[in-house]
Amino acid sequence: MRVLCVAEKPSISKAISQILSGGQFAVRSTPSKFIKNYDFDYPQTNAQYTVTCVSGHLTSHDFPETHRKWHSCDPFSLFDAPVETYISKDSKDIETNLTREARRADMLMIWTDCDREGEHIGSEVKRVCRKAKPNIIVKRARFSAIIAQQIHNAAQHPVELDQAQADAVEARIVLDLRIGAAFTRMQTKTLQDNIGQVEGVISYGPCQFPTLGFVVQRYVQVKNFVPESFWYIFLSLSRPNSSQGNVETEFKWRRVHLFDYDAAVVIYEHVMATPTARVTKVVETNTKKWKPLPLTTVELQKAGSRFLKLAPKAVLDIAEKLYNQGFLSYPRTETDQFDPQFDFMTLIEKQTVDPAWGAFAQGLQQGGFGTPRRGKNNDKAHPPIHPTAHVANLHGNEKKVYDFITRRFLACCSKDAEGSMTTVDVICGGEAFYATGLVVHQKNYLLVYPFDKWTGNQVPVFAEGEEFQPSVCEFREGTTTSPKYLTEADLVTLMDKNGIGTDATIAQHIETVINREYVLEEYEGGTKYLMPSTLGIGLIEGYGEMGLEKSLSKPHLRREVRSCLRVGLVKMVAVVDKAVDRTEHGAGLQRDEDQARHACGKHRPVSRDVRARPGAV
DNA sequence: GCAAGGTC
C-alpha cells in the first residue's frame with residue numbers, strides 16, 4: 001500500500017517524516033522550491049509512505065470577469081454573483097506535485113493542522129488528489145502535538161475529514177468576499193461622490209470595522225469624560241526604619257474616598273476630635289508573584305508592543321523570520337500549556353552558553369527548574385512559542401524579540417517569586433486605615449524576566465495595640481481622571497477577547513486600519529496611543545445609525561439591508577461632512593496635526609484632511 | 001482599487 005501524506009506546511013511534513021521513519025528517509029525535490037517530498041517505509045501499517053505538504057490554502061476565490069471591475073455592476077449584485085474557486089498562480093507548483101504523487105498512491109492521508117482552517121485545507125487537497133486519482137482512499141490523521149507517540153497513533157488510527165468544518169470555512173470565505181467587496185465599492189463611491197476630500201479606497205471588512213469600532217468607542221469615552229471631585233483623609237506617619245532611616249508610611253482610608261463633600265467633612269471633623277491612631281492588627285503573610293504563562297502569539301504581540309515598543313505586526317514578522325531560520329518554534333499558536341512530555345531540559349541546556357542568561361539557565365539545571373504553569377488554551381496544533389536554538393549574533397529588533405522569547409521561556413521554567421506582605425490596620429478617630437508593605441525574599445524568575453516588576457516597600461515595625469500620633473492627618477481633594485486612549489496592546493486584547501480575527505491576523509487588521517487612515521498613531525510619554533481619524537469616527541457613527549441589528553433579524557432580508565444601507569450611507573455622509581466641517585474650523589488644530597505627523601514620521605497630503613485627527617469639540 | 005484566512 002502506498003500512502004501519500006500531506007501536511008499544512010513544510011516544517012510539519014519534515015517533523016512527521018522524522019518521527020515516522022525514525023530519521024531514515026529519502027528526500028526528493030518538487031516543483032515548489034519550499035516543498036520537499038520524503039519517502040520511507042512504515043512497517044507498522046505495512047505501507048510505503050510519501051510525506052509532502054501544501055503551504056496554507058491551495059485555492060483563491062474571486063468574482064468572474066463580469067463582476068470583477070468596480071464599475072461593471074451594481075455592488076448589490078455581488079451578493080448573488082458567482083464566485084470562482086481557482087488554484088492561485090503561486091500554488092500551481094504545489095498542485096502539480098500533489099497530482100503527480102496522488103497518481104501513484106492508494107491512500108491520501110491528510111495531516112493539516114487540527115483546526116477549522118486545517119479541515120478546509122484538507123478538503124482542498126482532497127479535491128486535487130481525487131481529480132488526479134478518483135478512487136484514492138482519503139483519510140485524516142488527527143494529532144495534537146508533534147510528539148512521537150501521538151504521530152504514530154495518528155498514522156495508525158486515521159479518521160475521516162470533517163466536511164462540515166470545511167464547509168463552514170468555505171461559507172466564511174465567500175461571505176467575507178461578497179460583503180467586503182460590495183460594502184467597499186458602495187461606501188467608497190458614495191463618500192467620494194458626496195465629499196470632495198475623500199480619495200482612495202474606503203474599505204469595509206468584517207474584521208476591520210470592529211477593530212476600528214474599539215478605537216472609536218474609547219475615543220468617545222475619553223471625549224465624553226467629565227471629571228468628578230472626591231474627598232479623602234490622608235493619614236501618614238514618619239518613623240525610623242531598620243535600614244532606611246526615617247520613612248513615611250501612608251495609611252490608606254478603608255472608605256477610599258467619598259464623592260459627598262459634606263459627609264466627608266463630617267467624618268474628617270470627627271477624626272480630628274481624637275486624632276490618635278491605634279494599631280488593631282498586624283498580619284504578615286507569605287505571598288508570591290506568579291511566573292508568566294507560556295507564550296502565545298497574542299501575548300507575544302501584546303508584550304512586544306508594551307515592552308519592546310514594536311508594532312504587533314512587526315513583532316510577528318520578526319518571529320516568523322526567526323522561525324524560518326530555525327531559532328524559534330512556530331510563532332502562530334494559541335497554546336499556553338506545554339505538553340507534559342515536552343523536553344524542557346534539552347532546550348535549557350542550549351541556553352547555558354549565553355553571556356546574559358547562561359548562568360540562570362545553569363541554575364535551572366541545578367534544581368531551579370519548576371514545571372511551567374498551564375494556561376487554559378490549547379489549539380492542539382502547536383506548542384507555546386519557545387527558542388529552539390541558541391543564537392548569539394542577532395542585532396536590533398531581531399535580538400530584542402529573540403531575547404524576550406528566550407527570557408520568557410526561561411522564566412516559565414523557573415519558580416514564582418516569593419515574598420511576604422505585611423498589612424497594618426489602625427483605627428484613628430473611629431475610622432479604619434491600613435498600610436501595606438512588601439518584602440521580596442526570592443526573586444526567582446524575576447532575575448531573568450525584567451519585564452515584570454515586583455518591588456518591595458518595607459513598612460516599619462508596628463505592634464498590635466500600640467498608639468501613635470499621625471505625622472499628617474489631612475482632608476484632601478482629588479478628581480477622577482479620564483481613561484486613556486487605546487494602546488496597541490489594549491486593542492490586541494479586545495480583539496482577542498471578542499474573537500475579531502485570529503492570532504495570526506489580528507496584527508494585520510490593526511495595520512490595515514492604520515494604513516487606510518481610519519486610525520492614527522499618537523505618542524505621549526514614549527507610549528503609542530491609537531485614536532480615530534475624522535473619517536474613522538464618521539464610518540463607525542454612520543454604521544451605528546443604520547440599525548443593522550434590527551433589520552438583519554427581519555424577513556425580506558436583502559431588501560431591508562439594501563434600504564438600510566442606503567439610509568445609513570446618507571447618514572454617514574452627513575456625519576463625515578459635519579466632522580470635516582469641525583476639523584476645518586477647529587482652533588489650534590493645525591499645530592496638533594503637525595505634531596501628530598511628526599510623531600508618525602509620515603506626511604499626509606492636506607487634501608486628505610478627512611483622514612486626519614478630528615477637530616476640537 | 002474590494003475581504004479574511006492560511007503560509008514562504
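Convention: sequence-line order gives letters A, B, ...; per-chain numbering from 1.
Note on A/Tyr323: every side-chain N or O is 4.0 Å or more away from OP1 and OP2 of B/dT7. Here A/Arg516 reaches the OP1 or OP2 of B/dA3: one of its side-chain N or O atoms lies under 4.0 Å away. Taking side-chain N and O atoms only, A/Thr184 has no distance below 4.0 Å to OP1 or OP2 of B/dG1. Within the structure, a side-chain polar atom (N or O) of A/Gln208 is placed less than 4.0 Å from OP1 or OP2 of B/dA3. Of the side-chain N and O atoms in A/Ser203, none sit less than 4.0 angstrom from OP1 or OP2 of B/dC2.
With the nearest nucleotide of DNA chain B identified for both A/Val54 and A/Pro206, A/Pro206 has the one nearer the 5' end. Between A/His382 and A/Arg68, the residue anchored nearer the 5' end of DNA chain B, judged by the nucleotide with its closest heavy atom, is A/Arg68.
Set against B/dG1, B/dA3, B/dG5, the side chain of A/Thr188 has B/dG1 as its closest nucleotide. Among B/dG1, B/dG6, B/dC2, the nucleotide with an atom closest to any side-chain atom of A/Glu117 is B/dG6. Distance from the side chain of A/Ala181 is smallest for B/dC2 among the nucleotides B/dC2, B/dG5, B/dT7. Residue A/Asp176 places its side chain closer to B/dA3 than to any other of B/dA3, B/dT7, B/dG6.
Looking at A/Glu101 and A/Lys36, no side-chain N of the basic residue comes within less than 4.0 Å of a carboxylate O on the acidic one, giving no salt bridge.
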- Item | CA sep, side-chain torsions, deciding dist, call: A/Tyr485, A/Tyr529, ring-ring contact (aromatic ring centres under 6.0 Å, His included) | CA-CA 6 Å; A/Tyr485 290 118; A/Tyr529 291 99; 7.0 Å; no

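Between A/Asp62 atom CG and B/dG1 atom P there is a gap of 11 Å when expressed in whole angstrom units. A straight line from CG of A/Asp74 to P of B/dC2 spans 20 Å, rounded to a whole angstrom. Between the CZ atom of A/Arg185 and the P atom of B/dA3 there is a distance of 11 Å, rounded to whole Å. Put simply, CD on A/Glu334 is 13 Å from C1' on B/dG5, counting in whole angstrom units.
Centre separation under 5.5 Å together with a plane angle under 30° holds for the ring of A/Trp70 and the six-membered base ring of B/dG1, marking them as stacked.
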